[in-house]
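The figures that follow rest on heavy atoms only: side chains count, while hydrogens, waters and symmetry mates do not.
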Amino acid sequence: MDRYSGALEEAADGARQQERHYQLLSALQSLVKELPSSFQQRLSYTTLSDLALALLDGTVFEIVQGLLEIQHLTEKSLYNQRLRLQNEHRVLRQALRQKHQEAQQACRPHNLPVLQAAQQRELEAVEHRIREEQRAMDRKIVLELDRKVADQQSTLEKAGVAGFYVTTNPQELTLQMNLLELIRKLQQRGCHVGKGGL
């Protein structure tokens with residue numbers, strides 16, 4: 001008798017899972033209609049069905065939320081690093097201007113053109129250094145963000161989310177961003193609640 005009730009329970013769970021899969025798939029299909037037609041065409045029924053299957057237990061929603069939080073923290077940290085560098089450069093420029101003014105005030109008039117030429121060279125050297133440091137910082141930020149994207153792609157691929165794999169192809173990246181947006185919209189609708197409805 002226990003085996004019979006266990007089999008009934010399994011069948012009921014299977015039916016609930018199937019119904020949940022259908023609800024998620026239906027929600028995804030309606031959300032896809034909001035995307036540009038070029039991306040609608042790339043999201044086949046099979047891809048959406050596989051995505052709905054990956055979303056069934058709610059784990060992917062938690063993964064996406066965690067990845068989003070990590071991304072925001074990374075972006076904030078990189079932004080603050082860039083602000084600090086800009087502030088250091090502003091202080092450097094002010095100190096240099098102050099130093100130049102003081103030197104010009106202490107300079108004899110006949111030596112002023114020579115001093116100003118030397119100061120101009122010094123200013124150009126400092127500005128060159130500042131530009132190089134800013135370029136290096138920007139390269140560092142881009143590399144860090146690229147690494148973060150690859151980490152996200154890898155994590156979602158390992159979680160079995162359809163459409164995700166490590167790539168730098170701009171079209172594939174845009175498609176993955178659209179898939180993430182679909183997941184986020186489902187999450188905002190409350191579709192991530194275990195066995196709950198839409």
Side-chain angles (χ1 to χ4, degrees), residues 16-87 131-198:
R16 280 193 294 272
Q17 288 283 75
Q18 187 61 37
E19 177 62 22
R20 176 101 173 101
H21 177 255
Y22 176 75
Q23 289 174 333
L24 284 167
L25 179 57
S26 178
L28 283 168
Q29 287 172 319
S30 76
L31 286 172
V32 164
K33 292 175 184 169
E34 299 170 15
L35 295 175
S37 60
S38 60
F39 290 105
Q40 288 180 29
Q41 295 166 2
R42 295 197 56 213
L43 294 172
S44 67
Y45 177 86
T46 305
T47 300
L48 293 177
S49 180
D50 290 346
L51 181 57
L53 279 173
L55 298 173
L56 271 179
D57 71 355
T59 305
V60 171
F61 290 112
E62 293 172 18
I63 291 170
V64 168
Q65 187 61 41
L67 291 173
L68 189 61
E69 289 169 9
I70 291 168
Q71 180 179 333
H72 286 160
L73 288 172
T74 302
E75 288 171 353
K76 185 176 181 179
S77 170
L78 292 170
Y79 176 75
N80 287 334
Q81 287 176 38
R82 194 164 199 291
L83 279 182
R84 273 193 302 279
L85 182 66
Q86 287 175 331
N87 191 44
R131 278 192 305 278
E132 288 304 310
E133 287 177 3
Q134 287 175 336
R135 279 191 200 114
M137 173 61 77
D138 291 344
R139 279 192 299 271
K140 174 187 171 203
I141 288 170
V142 168
L143 285 173
E144 182 63 30
L145 292 175
D146 285 348
R147 264 196 301 275
K148 197 59 58 190
V149 167
D151 289 347
Q152 292 171 345
Q153 291 169 329
S154 176
T155 299
L156 291 167
E157 181 182 24
K158 288 174 185 167
V161 183
F164 284 91
Y165 58 94
V166 178
T167 181
T168 56
N169 179 314
Q171 288 180 315
E172 294 302 312
L173 286 169
T174 305
L175 182 64
Q176 290 178 354
M177 287 168 38
N178 282 316
L179 288 170
L180 274 176
E181 187 59 27
L182 293 175
I183 293 169
R184 296 282 299 140
K185 284 181 178 179
L186 284 177
Q187 192 171 27
Q188 289 166 354
R189 284 185 177 185
C191 295
H192 61 286
V193 183
K195 295 179 175 125
L198 304 172

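Under 3.5 Å, the side chains of Thr46 and Ser49 contain no donor-acceptor pair of N or O atoms. Using a 3.5 Å distance cut-off with no hydrogens or angles, the side chains of Asn169 and Thr167 do not pair a donor with an acceptor. At a cut-off of 3.5 Å, with distance as the only test, a side-chain donor of Arg184 or Gln187 sits close to an acceptor on the other residue. Checked by atom type, the side-chain pair Tyr45/Gln29 shows no donor-acceptor distance below 3.5 Å.
Dense packing is recorded around CD of Gln65, with more than 12 heavy atoms of other residues, nucleotides or ligands lying under 6.0 Å away.
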Where do Ile63 and Val161 land on the side chain to side chain contact (heavy atoms under 4.5 Å, CB included) test, with the steps shown first?
CA-CA 11 Å; Ile63 291 170; Val161 183; over 6 Å; no
Verdict with supporting geometry, Leu186 and Phe61, side chain to side chain contact (heavy atoms under 4.5 Å, CB included)
CA-CA 9 Å; Leu186 284 177; Phe61 290 112; 3.9 Å; yes
Would Leu25 and Leu51 count as a side chain to side chain contact (heavy atoms under 4.5 Å, CB included) if you check the C-alpha gap in whole Å, the side-chain angles of each, and the deciding distance to 0.1 Å?
CA-CA 8 Å; Leu25 179 57; Leu51 181 57; over 6 Å; no
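Counting heavy atoms from C-beta outward, Gln81 and Lys140 have side chains that approach closer than 4.5 Å. Contact of the Leu180 side chain with the Leu67 side chain is not registered, since no non-hydrogen atoms from C-beta on lie closer than 4.5 Å. The side-chain heavy atoms of Gln171 and Leu175, taken from C-beta on, include no pair separated by under 4.5 Å.
Between the CG atom of Leu53 and the CZ atom of Arg20 there is a distance of 11.5 Å, given to the nearest 0.5 Å. Taking CD from Gln40 and CG from Leu35, the interatomic distance works out to 6.5 Å, rounded to the nearest 0.5 Å. To the nearest 0.5 angstrom, Asp50 atom CG is 11.0 Å from Leu28 atom CG. From Gln17, atom CD reaches atom CG of Asp57 across 8.0 Å, with rounding to the nearest 0.5 Å. Considering CG of Leu55 and CG of Leu48, their distance stands at 10.5 Å, rounded to 0.5 Å. Note that the CG atom of Leu179 and the CZ atom of Phe164 stand 5.0 Å from one another [nearest 0.5 Å].
One N or O on the side chain of Ser44 and one on the backbone of Thr47 form a donor-acceptor pair closer than 3.5 Å. Within the 3.5 Å criterion, the main-chain N or O of Gln153 finds no donor-acceptor partner in the side chain of Gln176. Using modelled atom types, one side-chain atom of Asn178 and one backbone atom of Thr174 make a donor-acceptor pair closer than 3.5 Å.
The heavy-atom pair separating Ala54 from Gly160 by the smallest distance is CB-O, 3.6 Å.
Salt-bridge formation is detected for the pair Arg42/Glu172: a Lys NZ or Arg NE/NH1/NH2 atom is positioned less than 4.0 Å from an Asp or Glu carboxylate oxygen.
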Residues 142-152, side-chain donor-acceptor partners within the protein, below 3.5 Å, at least two apart:
unit_1	atom_1	unit_2	atom_2	d
Glu144	OE1	Arg147	NH2	2.9
Gln152	NE2	Gln71	OE1	3.0

